[in-house]
Structure formats: structure tokens, C-alpha cells
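A quick write-up on the structure given underneath.
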Amino acid sequence: MSIPHVLAIPFPAQGHVIPLMEVSKRLVERGIQVTFVNTDFIHKRVVDVLMDEDLLGDKIRLVSIPDGLEPGEDRNDLGLLAEAMFRVMPGKLAELIRETEEKGEKITCILADGSTGWALEVAQKMNIPKAAFWPASVALFASGLSIPKMISDGIINDEGVVIKHQKFQLATGIPDMSPANLTWACIGDAATQKIIFKVMVTMSKSAELADWFIGNTSCDLEPAALAFARRILPIGPLLANHRLDSSAGYFWPEDSNCLKWLDQQPHKSVVYVAFGSFTVFDQIQFQELALGLELCNRPFLWVVRPDITEEKDDAYPKGFEERISGRGKLVGWAPQQKVLAHPAIACFVSHCGWNSTMEGASNGIPFLCWPYFADQFLNESYICDLWRVGLRFDRHESGIIRREEIKRKVDQLLDDHNFGKRASDIKEKLANGIEEGGESDKNFSNFVQWLKALRA
Ligand code: UDP
């Protein structure tokens, strides 16, 4: 009997590729072969960062298909990208599947990111078993499911434009939603918002096609949302604590020197500051953040992605780097999961992307929330209002988060041990869920068994 072969298709963004790669590595550990289909653009970035010693073996094959955009087009424009993908990728994926099968390699299952519902439709047409993977919160998926109700309640119109600015709740235990913070309503311009709204509508429909639907969440974190969107089975938190230690899937090379620097810092002393892969700051806010970290007078590790500000030279305030040297460490991209697991970390100043949220929560780290766009406001609400393991920053009337506010909140969070205590409780629950026999572990094992039975 040949081994099952899964074709994994992520949405082409860092926060989607990393968790689907984690799922793929786990599948490989359970004896399943994976072909990982990135877009050509992302594939090149991933391969450029891969180190020689990366242990992918022959079990995860990295391949690619075009995303429909021209080389110079802006792939951070999510509307443009989603539309081009929808136009071109279904045909290219079908071609890839045909070519693979012509070589005599049967595909057992398509495992597609929930935001690439078109891939499930391709699988449906080609009569291939299909599974969806949801890398974000189930609360976000639940908001997509609730679009028809939001329209009939007059909260949005049928193009997703907000009509009624009143907070609402899908169910007790799911964070309150502000219409202005609905995922599509806080991404880019009006045209982008319409496209992302369409993606959410299609996503909810095509997820119906999936034979299996797994998500990077846990029943301890999102019991109400999981009861609302019953199809999603939690398999998270997906953390890189497995044998196949590889940097495959990362878009930037990590600077692991910061781990040695962390080794020299006192226990629970360091403020870790990172905003994921998309966040961009204007120059005033960037400098204010730098001055806020300086004002805190604590050790800090700050991830300053090469493209985090539009200012290329002299982005920092005058003399900043000299003044903070020794106490502050700046890196372009950190091995975040290892950083958050380090005993020197005291708290996480985060944009609240779902992966960062899961990684902080599973390491028992309290948060300071600085959401930027999309679902990050929803995640902030989980952190601050429901799990109560973090605080939000208040903005000055100018819209800026001021340096004094940064210091005030860092002090408030670290002086109140209840935040750390609740964060440790969550860490313990999450660890139980992924241990053998835990809910997430059981769901994943059942998924693997299903895949294996397809080949029986
Ligand atoms: N990440 C990392 N190093 C960094 C910053 C981020 O490895 O310096 C990883 C982080 O661990 C997470 C992912 O990048 O897995 C970011 O995903 P998230 O959902 O938090 O945010 P997004 O980039 O999608 O906004």
C-alpha cells in the first residue's frame, strides 16, 4: 500500500504559510507525504531563506504555481492579490494535479487554507477528497458565517459596507464585534474591502464542501466560537516542538543571535515587541514607539522588519541606538516561537495576529495589544476581555500611541501579577490539549486516520 499524499495549499501570506507548514510537518511525522503548493512569488522567498541543514527530507516537496499578478505588482494589496488568485490559480492548480497524477502519483487529499475556497472547488470537480484548514480564530470564521444575518439585521449592506455602527455579539463567549472592526471593513480602501468581503462570503460557502475542517485553535481558548461554527475541529496550538525542525515556510531569515542575548537577561525581564509580517508604521509612530521602549527602562527585544517603516535610513530617533545599546536588542526577524518560550521574556507587545496570539498564549506570556488591521481587533478582544491576559493601548487624540502610554501600560501589566497568573493557567490548559489524548491531539489523530483510510 502506498503512503497517503496530501497537496497542501496556503493563502500566500506569512501568517498562513507558517501554520499550514506546521500541519504538514506533523503529517509527515505520521507517515504522510506532503506536496506544499506556494505561489511562485512566495516559493522563491521560502526557498531563498531555507538553510542547507533544513530537514525537510523528501517528505515535503515544495512546488509552486503563479498567483496571477505580474512581477512588480503589489502583493501586499490583498484585494488585488485575492482577485488575481481567483482568476488564475484554480486552472493552474488543476493543471498541477493532472501533471502529478500523469506521473503516476495519486493525490489522496487536497488540504486547503479556508481563504482559498476555490481550491476546494477544484478538488470537488476532480473528485479528490478535501479538507480545509483554518489558521485564524474560529470567531473570525463565525463572523463570516454570520454575514447573511448581519445583512438582514441592517448592520452591513450586501457588499459588506457598514450601515449600523453598533457593537453586537454572535454568542456569549465570543468577543463583541464592532462593525468598523469587521475584518473586511478594516483592510485597505473601499475597493479592497469589497473584494475581501467577497472572499469571506465565498469562503464560508466553499468550506461546506470540505470533508474535514481543522483549525489552529483550542477548545480551551474558543469554546463558544467552536460551538457556533461546529464544523471546525481544533488541532492547536500548532507549535514547532517536533522533530522536523526546519525554517521552511519563513519569508525572512531569522536572527538567532537574540537567543544568546536573551540568555544573559534576568528571568521574566524582557519586553518582546513584534508586529508580524504586514504591519507598517508611519515615521511619527515608529519613533514614538522607540522612545516609549527607551522610557520603559527595561530590557527589550524589538523586531524591526526591513519594511516596517517607509523610512529607509535614519528611521530611529537621533542617538536612540547608542542610548539603548546593551539594554535593547533590535533584530530584523526573530525566531519568535523560541523567543516566546525563553524564560527571560516578561511580556509581548503584539499586533495580535492569530499566530502570535496563539504563540504568546501557549507560552504563558501576558500581552500588550497593538492591533493593526483585519482580525487583529477581534484577537485583542479575546486577549483583554475574555482571557484577561493583556491590556490594550489607548491612543492620543492625534491617533498616536504616545511614549508615556507605552511605559504606563508596560508597568501596569508587569506590576499586576494576575495577568501572569492567568496567562500561566492558559499555558497549562493548552499544553494538556495537545498532549497525547488531549482534545486537539485526538482531532488530529482522527484526521490522520481518515487520510490513511482513504489509501486503504
Ligand atoms: N514571526 C517570526 N519572527 C518575527 C515575527 C513574526 O517568526 O520576527 C512569525 C510569528 O511567530 C508568527 C508569524 O510570523 O508565526 C506571524 O503571524 P501572525 O498571524 O502573528 O501575524 P501576520 O504576519 O499574519 O500579521
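Values in this document were obtained by computation on a predicted structure and should not be read as measured data. Any value given below was found using the heavy atoms of this structure, including those in side chains, with hydrogens, waters and symmetry copies removed. Just follow the structure's listing: the first ligand is 1, and inside any ligand the first atom is 1.
Under the 4.0 Å criterion applied to side-chain N and carboxylate O atoms, D425 and K421 are assigned as salt-bridge partners.
For ligand 1, the atoms closer than 4.0 angstrom to any heavy atom of G276 are 23 (O). Here is the list of ligand 1 atoms found below 4.0 Å of a heavy atom in G353: 18 (P), 19 (O), 20 (O), 21 (O).
The shell of residues lying under 4.0 angstrom from ligand 1, judged by heavy atoms, includes Q376.
Contact annotation: for H351 versus ligand 1, heavy atoms closer than 4.0 Å belong to the side chain alone. Counting heavy atoms under 4.0 Å from ligand 1, residue E254 does not touch it at all.
At distances below 3.5 Å, not a single donor-acceptor pair connects side-chain atoms of E439 with backbone N or O atoms of S218.
Of the N and O atoms on the side chains of T183 and D375, not one donor lies less than 3.5 Å from an acceptor on the other residue. Of the N and O atoms on the side chains of N363 and H342, not one donor lies less than 3.5 Å from an acceptor on the other residue.
For ligand 1, the polar-atom distance check against A334 finds a nitrogen or oxygen pair separated by under 3.5 Å. For ligand 1, the polar-atom distance check against S277 finds a nitrogen or oxygen pair separated by under 3.5 Å.
Comparing F373, W333, F11 by heavy-atom distance to atom 4 (C) of ligand 1, the nearest is W333.
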